[in-house]
Amino acid sequence: MEEGADDVEEVRLALVMNGGVSLAVWMGGVAHELDLLRRASRGEPEKDVKKSDLPVFRFWRSVTREGAKPRRVRIDVIAGTSAGGLNGLMLATAIGRDTALTGLRELWQRSAALDRLLAEPSEHSLFSGEFFDAELKEALETIPQGSADAVEPEPVTLFLTATALDGRFRSYTDSFGNYFDVRDHRRLYRFERYSEEEAIAYLPEDGTWRIQKSRPRNDFVFANTPFLVRAARATAGFPVAFPPVSELPLLEYRELPKPVFDDPASCVMDGGVLNNAPFGPVLETITKRPLDRKVKRVVVYVVPSGGRLPEERVKGAACEEITAGTAGFSAVGFPQEADFRIGTEDLAARLRTSVLSTREELFARLYETRMGTGSAFPPDFLSLAQGLFSEYRFNRARGVILEVREMLAAADTVTSLVFPPRVETAEVHEFLARRPGLRWIPPDDPDCFTAWEGSWQWGLLPAERALQTLSGHLQDLANDEGLRPAAQAGLIEGAKAVNGELRRVLAVKDAVARQLQRSFPRSGRFSDRAAAQLLDEVFRKLAVPSTVAAFVRAGGDHYARAVAEAEGRWNDTWDVVADCLAIEVLTQSFVPPSGITETLTPHFDFLRLGPDTMSRLFNDDRFGDLGERKLYGVRFQHFGAFAEAGWRDSDFVWGRLDAAHHLLPLFLSSAEEVRAAETELHGLILNAELGSDGLAWMREHLTVLKRSRSDLDLLPTVPRTYETLRTREAVSRAVFRAVDRLAGHRVRPRFVRAWLRRETDHVLDEFWRAAQGPRPRGAPQAALKALHDVFIRVAVRVAVLAVVLLALGFVLGALFG
């Protein structure tokens with residue numbers, strides 16, 4: 001660990017990287033800049049930085065390490081889909097190997113060339129899957145294994161999505177017992193790197209359940225390269241462009257479908273078909289991340305499209321004016337719209353349940369009252385909670401039974417869509433009275449708020465929420481700029497210690513869930529009473545009450561000690577855990593049963609990183625509204641960047657510029673500072689990528705993009721180089737192959753195939769000639785006209801042949817009839 005690391009605030013980035021075919025090049029630029037930022041903030045030596053990138057590296061180092069608030073950037077969670085999955089995989093591998101992200105620019109410049117992608121296609125796809133595998137394998141092997149003692153090793157979790165072609169169905173029953181099936185084509189893979197300190201588990205050892213450290217794991221070592229390559233193919237196998245692949249080698253890493261279903265391997269393709277923004281697994285992972293210093297958490301959504309939506313193509317049109325093609329193209333995008341909307345709504349819901357909730361506000365107010373620094377809190381605070389305790393026990397019993405049912409349902413092959421039955425208050429109280437010794441709900445005793453030493457019967461979620469509240473409050477206290485540095489450091493140490501106890505409680509919670517699923521009745525039927533008794537038995541078997549009691553007690557002690565050292569005084573009669581439990585009762589007595597089991601999400605900021613704005617270096621009205629249209633990757637149905645090397649250069653540079661634009665406000669406080677820094681940093685990036693004439697080069701490209709009203713307008717601007725001639729030839733060969741397959745793949749006799757190739761070549765020549773002319777948008781019409789000419793010639797020849805055959809038949813009939 002570098003010197004003074006505990007004094008440095010850590011900015012932890014969780015990346016969600018979207019898809020987009022050739023927009024992978026833009027995302028590559030984003031990933032490149034993120035890697036430079038994280039390495040500069042870590043204080044890595046300059047010798048490992050490419051010479052052209054040194055000025056940018058030094059700039060990021062000055063911004064993050066030399067200001068009033070030194071910050072260190074850590075990228076510890078990455079979720080990627082399609083093009084985002086490829087770049088996320090490369091970035092995660094560099095982090096997992098403790099080294100720089102090398103070869104990304106070269107990967108996209110070399111392997112994203114259309115002529116190479118089309119060179120050796122599969123029999124069932126447009127592009128070559130084998131070529132893709134070889135290029136990615138070579139790129140991963142260029143990322144070396146860093147020195148173990150160079151920098152502090154960093155944990156990282158990578159999620160990649162895919163879509164199964166043969167999704168298994170899940171069975172459901174409605175409220176009236178009717179069965180129906182729903183197919184699930186979703187796939188999710190998880191790769192991780194963590195040390196012994198990063199992962200803990202609650203496991204049996206010599207007959208006793210206890211917290212144990214997991215073995216170190218690193219899925220990004222060189223030996224795992226074949227699995228990483230297969231995962232990249234799985235997530236980025238764009239339909240038709242690449243052939244699907246088997247996920248058999250990835251079963252060890254598969255998270256979805258859940259392992260409990262034990263589904264066999266499927267043929268998989270592009271994850272963006274169903275899930276283009278996998279927020280869920282990212283948010284679940286950051287909840288369990290350990291706290292080892294002062295942390296600012298940011299979830300970054302990297303999406304290669306503008307933030308503001310254009311008008312729909314059918315805007316203002318009458319229904320009868322909308323063509324079938326327009327309706328079809330519109331409908332194609334609706335599934336991804338629904339996927340993004342659901343992901344955004346999930347993100348919003350998580351933010352609503354973040355640590356800045358009513359629970360934390362009540363605790364903060366109570367703290368001020370206890371310390372005599374705030375307005376008086378109700379003196380009968382504990383009495384209020386005791387008055388509601390009976391209602392809380394009833395509501396918690398309903399919620400816990402519902403939670404157990406959900407855990408057991410996760411192991412069932414049939415899910416019942418039945419609203420939980422209404423449970424009468426008398427029935428619940430009767431059940432609780434019959435079993436006074438239940439281990440997962442506190443006894444009906446007014447002293448249970450304080451008399452829990454040695455046996456925690458409040459359950460796992462109240463323990464989780466209490467410890468999360470204490471840890472979060474210590475972090476909030478540490479943010480006070482007026483505190484002495486030593487006091488701030490003590491509060492952060494206390495928050496780290498409380499967070500350690502929280503992670504132990506979460507490990508017990510995971511163990512309980514696994515045990516419940518293993519105890520699922522074979523009949524698939526169980527009553528509320530049976531579910532409650534099963535949970536109690538699992539709590540007994542795993543010694544949950546005594547184990548969790550020790551964790552909660554330790555967490556309260558860590559909190560009290562940290563506050564006492566920071567404030568210089570302390571009231572020994574204040575039981576912080578009792579206050580957390582009183583808040584638990586006040587906030588949970590009347591929530592719906594599902595709310596009883598709802599966990600809190602750690603506080604995080606949300607940053608959307610996209611090509612929305614124009615660099616201040618091109619602060620010109622004519623470029624101001626380009627937005628995502630400044631990228632070649634959005635052209636030609638998102639295949640544009642594959643066409644020409646200069647177009648890929650442009651998109652990669654814009655990836656870096658856009659990343660810098662969005663990331664600078666994380667470290668600079670005023671708008672003036674951000675503007676000045678962005679202007680300087682963008683100049684350094686342009687010089688690093690394009691040299692001294694980079695500004696003029698980029699301005700020329702922006703002018704071309706601005707003037708092109710359609711994608712075809714760009715074709716005449718393509719320079720006539722050897723690469724573009726090869727690209728044209730490769731496209732022509734692809735068309736020839738498609739015509740050959742449409743004609744039956746093995747057309748006989750040979751002269752027919754030769755004729756098909758000649759006529760296809762004629763149509764393509766007309767298209768290319770028109771595309772390179774003054775009116776490129778006439779290229780499709782020129783090709784259609786040439787195709788029409790072909791059909792006319794065929795019709796004429798067939799007619800002549802028919803006349804000849806009729807005449808021949810007439811002559812033969814006259815001679816021999």
Side-chain angles (χ1 to χ4, degrees), residues 155 157 190 192 194-217 252 254-256 258-262 281 284-291 396 399-412 437-442 452 454-468 471 498-521 526 530-555 596-600:
T157 301
R190 180 187 189 123
E192 290 187 287
Y194 53 75
S195 63
E196 287 184 352
E197 304 298 327
E198 293 293 333
I200 57 176
Y202 191 57
L203 299 169
E205 183 180 6
D206 298 329
T208 303
W209 285 79
R210 63 187 63 185
I211 293 293
Q212 300 180 31
K213 292 182 179 179
S214 298
R215 292 182 178 180
R217 175 171 179 169
E252 176 186 349
R254 193 172 70 181
E255 291 278 303
L256 192 69
K258 295 178 181 179
V260 69
F261 293 127
D262 196 28
E284 292 171 7
T285 302
I286 66 174
T287 303
K288 297 181 180 181
R289 274 285 185 258
L291 176 71
R396 175 150 182 80
V400 169
I401 290 172
L402 174 63
E403 181 185 27
V404 173
R405 280 185 170 278
E406 290 177 346
M407 288 183 183
L408 293 173
D412 196 0
L438 288 172
R439 297 170 177 83
W440 49 266
I441 195 165
W452 51 265
S455 181
W456 179 267
Q457 292 179 258
W458 286 78
L460 291 166
L461 272 172
E464 177 184 345
R465 288 192 282 246
L467 292 173
Q468 199 164 14
S471 177
V498 176
N499 179 261
E501 304 301 332
L502 170 62
R503 293 178 59 231
R504 294 179 178 89
V505 170
L506 292 175
V508 175
K509 182 180 173 183
D510 290 341
V512 168
R514 289 194 300 269
Q515 285 295 313
L516 282 171
Q517 291 177 355
R518 290 171 183 169
S519 304
F520 179 75
F526 49 89
Q533 292 172 349
L534 176 60
L535 178 63
D536 198 59
E537 176 60 24
V538 170
F539 267 49
R540 183 199 63 78
K541 179 180 179 181
L542 273 62
V544 172
S546 58
T547 301
V548 174
F551 298 154
V552 175
R553 180 74 273 170
I596 282 282
T597 61
E598 187 175 53
T599 59
L600 298 178

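Numbering starts at 1 and runs along the sequence shown. These figures come from a predicted structure and were not determined experimentally.
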Sequence-distant partners of E537, side chain to side chain donor-acceptor pair (under 3.5 Å), two or more places apart: R540
Heavy-atom closest contact (V498 atom, G555 atom, distance): CG2-O, 3.5 Å
Spatial distance of atom CG (L502) from atom CG (L506) [nearest 0.5 Å]: 4.5 Å
Gap between atom CG of L203 and atom OG1 of T208 - 0.5 Å precision: 12.5 Å
Carboxylate-amine/guanidinium proximity below 4.0 Å for R503 and E501: no
Nearest heavy atoms of P462 and R396, plus distance in Å: CD-NH2, 3.3 Å
Shortest non-hydrogen contact from T157 toward E192: OG1-OE2, 3.5 Å
Worked verdict on L542 versus Q515 for side-chain contact (heavy atoms from CB on, under 4.5 Å): CA-CA 9 Å; L542 273 62; Q515 285 295 313; 3.7 Å; yes
Shortest non-hydrogen separation from A532 to W440 and the atoms involved: O-NE1, 3.3 Å
Test item: T285 side-chain N/O and P281 main-chain N/O as donor-acceptor pair under 3.5 Å: yes
Nearest heavy atoms of L460 and K509, plus distance in Å: CD1-CA, 3.7 Å
Candidates V508, V505, D536 - the one meeting side chain to side chain contact (heavy atoms under 4.5 Å, CB included) with V544: V508
Distance-only polar pair, side chains of Y202 and T547, donor-acceptor under 3.5 Å: yes
Exercise: identify the closest heavy-atom pair between Q457 and L438: NE2-O, 2.8 Å
Check against side-chain contact (heavy atoms from CB on, under 4.5 Å), W458 and V552: CA-CA 11 Å; W458 286 78; V552 175; over 6 Å; no
Beyond-backbone contact of L461 with V400, side-chain heavy atoms, under 4.5 angstrom: no
